[in-house]
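None of the values given here were measured: they were computed from a predicted structure.
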There are 2 protein chains.
Amino acid sequence: MRPNKRDELVRKALDVFYREGFNATGMDKLVAETGISKTSMYKHFRTKEDIILAVLRLRDERFRNWFCRRIEEIAEGPKDRLLAIFDVLQEWFETPEFKGCMFIKAVSEFQDPENPIHIQSATHKQMLLEYVEDLATQAGLQNPAALARQLMLLKEGAIVLAVMQGNAEAGRDAKAAATSLIAAA
Amino acid sequence: MRPNKRDELVRKALDVFYREGFNATGMDKLVAETGISKTSMYKHFRTKEDIILAVLRLRDERFRNWFCRRIEEIAEGPKDRLLAIFDVLQEWFETPEFKGCMFIKAVSEFQDPENPIHIQSATHKQMLLEYVEDLATQAGLQNPAALARQLMLLKEGAIVLAVMQGNAEAGRDAKAAATSLIAAA
DNA sequence: GATTTAGTGTACCGATCTGTACATATTTGA
DNA sequence: TCAAATATGTACAGATCGGTACACTAAATC
């Protein structure tokens with residue numbers, strides 16, 4: 001058992017929770033889909049909530065890594081990168097596995113602002129905001145914080161509408177709007 | 001029992017589902033919170049899903065009524081009304097009962113695009129988009145459809161971030177961004 | 001006044017929920 | 001090779017899930 005069962009569980013649970021939802025996925029289904037025994041799961045985690053938190057940590061790490069890296073791959077200057085956000089977003093929407101933002105869904109299912117799942121999801125959004133804020137600052141624009149917040153509105157809105165409409169059109173609209181906002185800044 | 005029990009159920013169920021979530025609210029909790037017997041509920045509705053659909057219909061009717069009426073109250077010309085969208089949004093965020101968008105949450109819990117709950121939620125967003133599109137058309141702007149879609153991105157993004165951040169700041173950011181977009185159109 | 005209608009309360013069905021107990025198997029390292 | 005560490009499978013507890021059966025009650029209508 002070299003490749004830690006704990007990590008294997010978290011990786012596989014991520015897929016299931018993302019596809020099926022958190023409350024809709026019972027522990028028995030998790031056993032069936034991961035091939036890991038329930039006994040093992042509860043040796044690594046005290047509760048289902050702890051598993052969800054670990055899943056969200058992995059998702060945050062993977063997503064931010066991919067997202068930022070991809071932006072830096074396809075654009076050079078910080079100003080171009082602000083716009084590239086929306087190209088990368090579009091790429092994501094066009095992925096066949098795209099099923100929306102895991103953190104928006106987590107907050108929808110765990111609404112209590114004191115709930116650790118809720119808090120951790122909010123932190124993810126905060127960290128992405130800070131990344132965009134850095135880009136805006138590097139771009140030498142006035143009021144980079146305000147621009148970053150506006151671009152994040154477009155990003156979140158695009159995710160929601162891409163899910164609702166079942167296509168990636170929202171990505172193109174977001175890029176067009178971002179172009180205007182960046183030009184105005 | 002003049003005031004129909006069915007409507008009473010739907011009204012009260014709306015509050016519970018909005019506060020607690022759909023999957024997290026069992027039928028027994030619905031009985032406890034509405035004071036209506038389970039037998040009665042299942043005489044009016046065949047399944048829990050049917051209750052949810054009725055709740056979403058009421059929410060759609062109430063929300064669109066309030067939203068559009070309020071916009072038309074606080075602004076006169078169609079161009080001013082496009083901006084007023086975000087003042088009304090802000091009002092909503094500042095409401096103590098604000099707990100995000102019921103339709104975004106519904107789609108988060110019922111992800112299957114073929115699910116009637118999912119479809120009905122998407123329809124709500126579509127109808128709001130059409131209302132904003134009408135405003136943009138009346139304002140005589142070029143490409144009103146594109147502007148309307150961009151403003152809706154801001155609206156959905158603001159809702160998500162208002163929930164995530166636990167405050168109404170996103171409303172102000174959305175209004176600032178909308179001002180830029182409308183000016184550019 | 002009798003009958004239909006709408007609602008109630010309770011008890012229950014089988015399934016599923018999170019989580020545990022326990023005895024067994026497999027792997028790992030000394 | 002042998003012991004410790006990690007797995008596993010099964011069975012189950014106690015609660016809750018959506019939904020039904022049934023006997024009863026209040027009210028409206030004829």
Side-chain angles (χ1 to χ4, degrees), chain A residues 1-57 105-106 108-112 114-118 120, chain B residues 1-57 105-106 108-112 114-118 120:
Chain A
M1 293 297 151
R2 254 16 247 291
N4 205 332
K5 279 277 169 190
R6 197 200 111 109
D7 295 349
E8 187 187 343
L9 166 60
V10 175
R11 276 198 313 273
K12 291 182 172 172
L14 194 154
D15 292 340
V16 186
F17 283 135
Y18 185 59
R19 273 188 287 113
E20 319 269 347
F22 298 100
N23 285 321
T25 303
M27 295 304 293
D28 288 328
K29 180 171 235 164
L30 224 47
V31 171
E33 299 252 357
T34 64
I36 294 167
S37 68
K38 209 192 278 196
T39 319
S40 237
M41 291 182 181
Y42 279 99
K43 211 158 269 171
H44 288 298
F45 298 95
R46 278 177 41 265
T47 60
K48 181 186 179 184
E49 180 177 290
D50 283 352
I51 300 181
I52 294 176
L53 287 169
V55 162
L56 291 181
R57 258 188 298 276
K105 294 192 283 190
S108 295
E109 293 205 53
F110 306 95
Q111 299 194 64
D112 180 359
E114 311 254 332
N115 187 309
I117 295 174
H118 188 110
Q120 197 168 304
Chain B
M1 295 298 151
R2 254 19 248 285
N4 205 333
K5 280 278 169 189
R6 197 200 111 109
D7 295 348
E8 188 188 341
L9 166 60
V10 175
R11 276 198 314 272
K12 290 182 172 172
L14 194 154
D15 291 340
V16 185
F17 283 135
Y18 184 58
R19 272 188 288 113
E20 319 268 348
F22 298 99
N23 285 322
T25 303
M27 294 305 293
D28 288 327
K29 180 170 236 165
L30 224 48
V31 171
E33 299 252 358
T34 65
I36 294 168
S37 68
K38 211 193 275 196
T39 318
S40 237
M41 292 183 182
Y42 280 98
K43 212 158 270 169
H44 288 298
F45 297 95
R46 279 177 42 262
T47 61
K48 182 186 179 185
E49 180 177 289
D50 283 352
I51 299 180
I52 295 176
L53 287 170
V55 162
L56 291 180
R57 256 188 299 275
K105 295 191 283 189
S108 295
E109 293 205 54
F110 306 95
Q111 299 194 64
D112 179 0
E114 311 255 330
N115 187 309
I117 296 173
H118 188 110
Q120 197 169 303

Residues A:E20 and A:K29 bridged, charged N to O under 4.0 Å: yes

Is any side-chain N of the basic residue among A:K5 and A:E8 closer than 4.0 Å to the acidic one's carboxylate O?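 A salt bridge links A:K5 with A:E8.
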
Measure from [atom1] on [X] to [atom2] on [N] and round the result to the nearest Å.
X: A:E8; N: D:dA7; atom1: CD; atom2: C1'; answer: 12 Å
X: B:K5; N: D:dA27; atom1: NZ; atom2: P; answer: 12 Å
X: A:M41; N: D:dT6; atom1: CE; atom2: P; answer: 18 Å

Taking C:dC22, D:dC22, C:dG7 as options, the one with an atom nearest any side-chain atom of B:T39 is D:dC22

State which residue, out of B:V55, B:L30, B:D7, B:T34, fulfils the side chain to side chain contact (heavy atoms under 4.5 Å, CB included) condition with B:K12.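 Result: among B:V55, B:L30, B:D7, B:T34, B:T34 is the only option passing the side chain to side chain contact (heavy atoms under 4.5 Å, CB included) with B:K12.
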
Using a 4.0 Å cut-off on heavy atoms, which residues in residues 23-38 of chain B reach DNA chain D? List them by number, or say none. B:T25, B:G26, B:M27, B:K38

Is any side-chain N or O of [X] closer than 4.0 Å to OP1 or OP2 of [N]?
X: B:Y42; N: D:dG19; result: yes
X: A:K43; N: C:dT20; result: no
X: A:K48; N: C:dT18; result: yes
X: B:H44; N: C:dA6; result: no

Can you tell me whether the side chain of A:T47 and the base of C:dG19 have a donor-acceptor pair closer than 3.5 Å?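 It does not, because no donor-acceptor pair links the side chain of A:T47 to the base of C:dG19 below 3.5 Å.
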
Minimum heavy-atom distance A:I51-A:M27, with the two atoms named: CD1-CE, 3.8 Å

From CG (B:L56) to CD (B:Q120), nearest 0.5 Å: 5.5 Å

Check residues 36-45 of chain B and write down every donor-acceptor pair under 3.5 Å in which the side-chain atom is one partner and the other belongs to a residue at least two apart or another chain.
residue : atom : partner : partner atom : Å
B:S37   : OG   : B:S40   : N            : 3.2
B:K38   : NZ   : B:D28   : OD1          : 3.0

